[in-house]
Amino acid sequence: MIEKSLNNEKFINIEENLKVIKENISNAAISSGRKPEDVTFMAVTKTVDPVYINHAINNGINLIGENKVQELLSKKDDLKLDNCDVHLIGHLQSNKVKQIINHVSMIQSVDSVKIAKEISKQAVKNNLDMKILLEINIGNEDSKTGFKYDEVLESCYEISQLPNVIVNGLMCIPPFSANKSETFKFFTNMSNLFIDMRDKKIDNIDMNVLSMGMSGDYEEAIKSGSNLVRVGSSIFGARIYN
Ligand SMILES: *Cc1c(COP(=O)(O)O)cnc(C)c1O
């Protein structure tokens with residue numbers, strides 16, 4: 001644990017960053033004809049020490065996202081999660097599903113029918129319903145997993161048949177290399193896909209979350225229809241990977 005007194009500046013930065021981001025989220029929501037509270041603000045906490053995560057929670061954060069099962073499990077006991085939900089947002093391997101199933105309220109990074117089947121199996125075993133988002137490989141990148149834009153509807157019908165998993169919406173990470181106008185196009189495509197799928201009113205699915213937008217582009221994402229933004233480095237500073 002890092003002593004608070006030694007890192008006072010970092011605590012103050014987190015508070016100030018949260019204020020600025022909340023304000024930006026509100027403004028982007030209002031400018032796209034929605035209410036500020038219609039957009040969920042997730043703090044992405046990968047590589048961040050629990051002492052800082054708890055500081056963000058004390059300052060109003062009620063949803064955090066972690067990418068890795070092992071990292072989440074190793075930090076969880078040190079987190080003050082009484083009023084804070086945890087989502088998994090990173091690629092999940094089949095053999096890790098049973099480790100995570102009791103520790104998150106949503107898995108945003110479901111990138112294949114295979115992993116959805118394993119989540120269903122473990123959810124049944126643990127007698128719970130797991131909410132999931134389908135991750136779309138919106139830029140068709142070879143380096144990324146995820147459903148293809150044209151194939152996700154068919155996969156969604158298949159997943160909707162599985163017990164104890166509930167598709168709650170879609171998630172994406174646009175290509176890192178995309179410029180602003182390309183990113184805006186990817187977000188718009190996502191938004192259209194989300195609306196099309198929602199309007200199909202598929203049995204057993206409840207499309208209400210469109211998770212897109214990170215530190216560099218969350219305002220554009222909201223203006224394109226996102227209702228859940230995942231912000232890390234703009235809150236906690238640049239990540240330091242060991
Ligand atoms: C790391 C990460 C984020 C946050 O990225 P920042 O640019 O630091 O805001 C959001 N979503 C996913 C899936 C991530 O892995």
Side-chain angles (χ1 to χ4, degrees), residues 10 13-14 16-25 28 39-50 52-53 55-57 59 61-73 75 84-93 96 100 103-112 115 119 131-139 141 143-147 152 168-180 182-184 186-187 190 194 209-242:
K10 186 149 181 189
N13 285 343
I14 290 170
E16 286 177 350
N17 293 341
L18 286 173
K19 273 187 206 142
V20 171
I21 297 163
K22 270 185 212 154
E23 185 73 23
N24 292 343
I25 290 173
V39 179
T40 303
F41 178 14
M42 165 190 278
V44 175
T45 52
K46 60 179 181 241
T47 78
V48 178
D49 190 285
Y52 298 121
I53 302 172
H55 193 62
I57 292 171
N59 281 276
I61 285 294
N62 57 16
L63 174 62
I64 64 169
E66 282 280 346
N67 289 62
K68 293 190 175 146
V69 171
Q70 228 48 58
E71 184 179 343
L72 168 58
L73 296 179
K75 293 200 286 201
C84 185
D85 273 341
V86 184
H87 292 178
L88 188 78
I89 59 171
H91 174 68
L92 179 59
Q93 290 168 304
K96 299 263 173 74
I100 198 79
H103 296 278
V104 293
S105 60
M106 183 185 280
I107 299 171
Q108 293 204 2
S109 40
V110 172
D111 51 15
S112 66
I115 196 76
I119 293 168
K131 295 176 182 176
I132 64 171
L133 303 183
L134 305 181
E135 182 173 354
I136 312 297
N137 185 354
I138 193 66
E141 293 171 280
S143 60
K144 275 198 190 127
T145 58
F147 294 96
V152 65
N168 256 208
L170 304 177
M171 180 273 225
C172 79
I173 309 169
F176 199 62
S177 59
N179 63 32
K180 271 211 184 304
E182 287 163 345
T183 301
F184 190 73
F186 288 131
F187 285 155
M190 280 292 293
F194 176 73
V209 180
L210 179 56
S211 170
M212 57 186 195
M214 317 199 319
S215 288
D217 53 23
Y218 63 90
E219 290 164 282
E220 288 87 346
I222 292 167
K223 287 174 190 167
S224 313
S226 166
N227 59 20
L228 191 158
V229 293
R230 310 178 309 266
V231 182
S233 46
S234 287
I235 304 170
F236 299 108
R239 279 182 288 276
I240 300 157
Y241 289 93
N242 294 311

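For ligands, and for the atoms within them, numbers begin at 1 and follow the listed sequence. Note that these values count all heavy atoms, side chains included, but never hydrogens, waters or copies made by symmetry. One-based numbering along the sequence shown.
The closest protein non-hydrogen atom to atom 10 (C) of ligand 1 is Met214 SD, 3.2 Å.
In this structure, Leu170 and Ile136 approach most closely via the heavy-atom pair CD2-CD1, 4.0 Å. The nearest pair of heavy atoms linking Gln93 to Ile115 is C-CD1, 3.7 Å. Annotation for Ser226 and Val39: closest pair O-CG2, 4.1 Å, computed over non-hydrogen atoms.
Ligand 1 places these atoms under 4.0 Å from at least one heavy atom of Val231: 9 (O). Close contacts between ligand 1 and Asn67 involve ligand atoms 14 (C), 15 (O) [criterion: under 4.0 Å to a heavy atom]. For ligand 1, the atoms closer than 4.0 angstrom to any heavy atom of Ser233 are 6 (P), 7 (O), 8 (O), 9 (O). For ligand 1, the atoms lying closer than 4.0 Å to a non-hydrogen atom of Val44 are 1 (C), 2 (C), 3 (C), 4 (C), 10 (C). Within ligand 1, counting atoms from 1 as listed, the ones closer than 4.0 Å to a heavy atom of Ile89 are 11 (N), 12 (C), 13 (C), 14 (C).
Atom NZ of Lys131 is surrounded by 12 or fewer heavy atoms from other residues, nucleotides or ligands within 6.0 Å.
Separation of atoms CD1 (Ile107) and CG (Leu134) is listed at 12.0 Å; rounding is to 0.5 Å.
Ionic pairing of Lys68 and Glu71 is not present here: no N-O contact between side-chain nitrogen and carboxylate oxygen is shorter than 4.0 angstrom.
Of the candidates Arg230, Arg239, Lys46, it is Lys46 that places a heavy atom closest to atom 2 (C) of ligand 1. Between the choices Gly213, Gly90, Cys172, Ser215, the shortest heavy-atom distance to atom 7 (O) of ligand 1 belongs to Ser215. Proximity annotation for atom 13 (C) of ligand 1: of Ile173, Thr45, Val229, Ile173 comes nearest, heavy atoms only.
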What verdict does the salt bridge (charged side-chain N to carboxylate O under 4.0 Å, His left out) test give for Glu220 and Lys180, after you've listed the backbone C-alpha separation in whole Å, the side-chain angles of each residue and the deciding distance to 0.1 Å? CA-CA 9 Å; Glu220 288 87 346; Lys180 271 211 184 304; 2.9 Å; yes
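Residue contacts with ligand 1: Gly232 is placed with a nitrogen or oxygen under 3.5 Å of a nitrogen or oxygen of the ligand (distance criterion only).
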